Amino acid sequence: MTFTSPVPTTAGTTTGTPTGPTTGPTTGPAVLDADFYGFQDLLTPREQEAVLAVREFMEREVRPLADDYWERAECPVHLFKPFAELGTVGAAWPECAPFESSAVFRGWIGMELARVDSSFCTFVGVSSGLAMSAIGLGGSPEQRAQWLPPMASGDVIGAFGLTEPLSGSDTAKGLRTTATRHGDTWTLHGAKRWIGNATFADVVVVWAKDTDDDQVKGFLVRKGTPGFTATKIERKQSLRIVQNADIVLDGVEVAEADRLQRIDRFRDVAQVLRVTRDGVSWQALGTMVGAYEAAVAYTRQREQFGHPIASYQLIQDKLATAYANVTASFAMCVRVAQLQDAGTQRDAHAAMAKSFVTTRMRETVALCREACGGNGITLDTGVARYFADAEAVYTFEGTRDMNNLIVGREITGHAAFV
Ligand code: FAD
């Protein structure tokens, strides 16, 4: 099976004629032009095959509809199940994985999704990353057996409710949603904000403070539970396809059996966030790859002063900077994934990658937009969607500030959050 990127990134000569592929040292089946240093060599043949299947799905099913859905701020929920049937949604969990895989592979899949549409990556990632990781890491064996297989098959879609109207960066200490136990039942009161997928999810992982010990606990709130309402946040200008919601929890009753049994305090939640933060770094990488590919394609065909603009030094400077950002970010994502597999990854490793890669992403999408001139701000040129979506990716899973404070704490030994 071979696959050629729909947007070759071959450099033009002064006359605009491609001079040959600028791919990395390898020529394997899953070659991606933006993979300049050939990181695909780290994937097994089975993983490369799965990457190809995902790339083909994204090109066939998602790319053709992404701009329209983005403009209408609607989510192609119907694609979740066919995507899940490719077998990568539960790849991290032995009970649902079709084959054993590396963290590099799982991150790479997220990159492939974001390369075509960063919203689709978020839509899938909220369920397969945030919600499944919360259950996989925080659930009892029975809870894992109950929830992970149907989530991996796409029959159940999850959401993850941590952020609140009055608590974003300070969720470690500032959660106001409460959970009170009465026998075998808990009652939840409070509000959540920005919760992706919550308007249609079958299960929402809700984080709340136990009124007894003041520690954060996790609860599986099923669709239709009385007292739970989710209202879509309108007029969003980034990741418009993702359905984010304001949630109200007004006396929501949850059985003790639906409390995540291995979550006792916020430190346990942080473990989940470390893994999912790695996923957002890969998402940021994919977002800049998508913008970069579109900018290369546009600048090679757009002529000014009688020549393709790609033949001018200042345009090449922008493309070379974007390419270097992609390549450096790739290296960081790969290494952080390897640390995850080795079991040696610390919070600061994930935080540094998230901060660095999303910052490089922001610069990259701006350079790519700039290289496309005025047309770069229309969806038609293929850069504007990435440009707008980058802002949300830069912000969620900890802003740059918060992630740098995590790294700063590791450097200095001083926590400077407050
Ligand atoms: P704030 O915490 O209010 O921060 C505002 C600014 O102040 C930032 O620049 C921040 O860096 C800065 N700041 C805050 N504290 C400090 C400090 N001590 N020192 C220096 N600067 C500081 N959450 C979920 O739980 N589930 C989801 O599914 C989800 N999806 C999301 C999807 C989108 C599109 C978006 C935009 C957000 C989503 N979030 C979700 C929430 C996201 O994680 C938060 O937006 C993020 O953590 C930042 O919180 P905040 O927006 O409340 O900003």
Side-chain angles (χ1 to χ4, degrees), residues 70 73 75 114 117-134 138 157-177 190-201 203-209 216 218-219 221 230-249 263 266 269-270 272-277 279-281 283-284 287 350-351 354-355 358-359 361-362 385-386 388-409 414-418:
W70 194 91
C75 183
D117 180 28
S118 204
S119 290
F120 194 81
C121 181
T122 307
F123 160 48
V124 170
V126 163
S127 187
S128 71
L130 284 164
M132 285 183 78
S133 296
I157 298 181
F160 182 95
L162 178 64
T163 307
E164 301 185 348
L166 299 178
S167 179
S169 299
D170 72 354
T171 48
K173 295 218 169 110
L175 287 192
R176 287 154 175 85
T177 298
K192 297 287 172 184
R193 180 159 171 80
W194 286 119
I195 311 309
N197 297 357
T199 50
F200 54 79
V203 61
V204 182
V205 178
V206 171
W207 304 99
K209 267 193 181 169
V216 174
F219 300 88
V221 178
T231 308
K232 180 182 167 184
I233 296 174
E234 303 284 357
R235 297 158 69 89
K236 215 154 45 87
Q237 298 303 311
S238 182
L239 296 181
R240 283 174 58 78
I241 285 173
V242 181
Q243 309 291 293
N244 292 96
D246 279 313
I247 289 178
V248 174
L249 300 142
I263 303 280
F266 191 82
V269 186
V272 177
L273 294 177
R274 183 177 347 119
V275 176
T276 56
R277 198 161 275 160
V280 175
S281 298
Q283 173 175 8
T287 305
K354 202 280 177 176
S355 167
T358 56
T359 304
M361 167 193 66
R362 218 181 184 197
R385 182 161 47 79
Y386 300 98
D389 288 348
E391 285 305 297
V393 180
Y394 183 71
T395 299
F396 59 42
E397 291 278 350
T399 63
R400 174 180 170 280
D401 301 330
M402 289 302 109
N403 282 301
N404 275 357
L405 290 179
I406 292 170
V407 178
R409 180 179 57 190
H414 295 287
F417 299 95
V418 287

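Read the numbers this way: they start at 1 and go in the same order the structure lists the ligands and their atoms. These numbers come from a predicted model, not from an experiment.
- At least one side-chain heavy atom of Arg385 sits less than 4.5 Å from a side-chain heavy atom of Asp389.
- Residue Leu162 has at least one nitrogen or oxygen atom sitting less than 3.5 Å from a nitrogen or oxygen atom of ligand 1, judged on distance alone.
- The side-chain heavy atoms of Val242 and Phe120, taken from C-beta on, include no pair separated by under 4.5 Å.
- When hydrogens are left out, the protein atom nearest atom 23 (N) of ligand 1 is Thr163 OG1, 2.7 Å; that is the closest non-hydrogen contact.
- Nearest to atom 28 (O) of ligand 1 among the protein's heavy atoms is Gly196 N, 3.0 Å.
- Here the protein heavy atom with the shortest distance to atom 51 (O) of ligand 1 is Trp194 NE1, 4.4 Å.
- Residue-to-ligand polar distances keep Arg193 apart from ligand 1: every N/O pair is separated by 3.5 Å or more.
- Of the polar atoms of Ser167, none of the N or O atoms is found under 3.5 Å from an N or O of ligand 1, judged by distance alone.
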* **Stepwise salt bridge (charged side-chain N to carboxylate O under 4.0 Å, His left out) test for Lys192 and Glu164** => CA-CA 4 Å; Lys192 297 287 172 184; Glu164 301 185 348; 2.9 Å; yes
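- With ring centers used as reference points, Phe160 lies under 6.0 Å from Trp207.
- Nearest to atom 46 (C) of ligand 1 among the protein's heavy atoms is Thr395 O, 3.7 Å.
- At least one N or O atom of Phe160, backbone or side chain, sits closer than 3.5 Å to an N or O atom of ligand 1.
- Remark: Ser127 pairs with no residue by the side-chain hydrogen bond (donor to acceptor under 3.5 Å, both in side chains) rule, at least two apart or across chains.
- Taking distance alone, with nitrogen or oxygen atoms compared against 3.5 Å, Gly398 stays at or beyond that limit from ligand 1.
- Heavy atoms of Val242 stay at 4.0 angstrom or farther from ligand 1.
- Among protein heavy atoms, atom 21 (N) of ligand 1 sits closest to Asp401 OD2, 3.8 Å.
- Among protein heavy atoms, the minimum distance from atom 32 (C) of ligand 1 is reached at Asn244 ND2, 3.1 Å.
- The nearest protein atom to atom 15 (N) of ligand 1, hydrogens excluded, is given as Met402 CE, 3.3 Å; this is a heavy-atom distance.
- Every heavy atom of Glu391 sits 4.0 Å or more from the atoms of ligand 1.
- Every residue was checked against the side-chain hydrogen bond (donor to acceptor under 3.5 Å, both in side chains) condition with Asp401, not counting sequence neighbours, and none meets it.
- The protein atom (non-hydrogen) at minimum distance from atom 4 (O) of ligand 1 is Ser169 OG, 3.7 Å.
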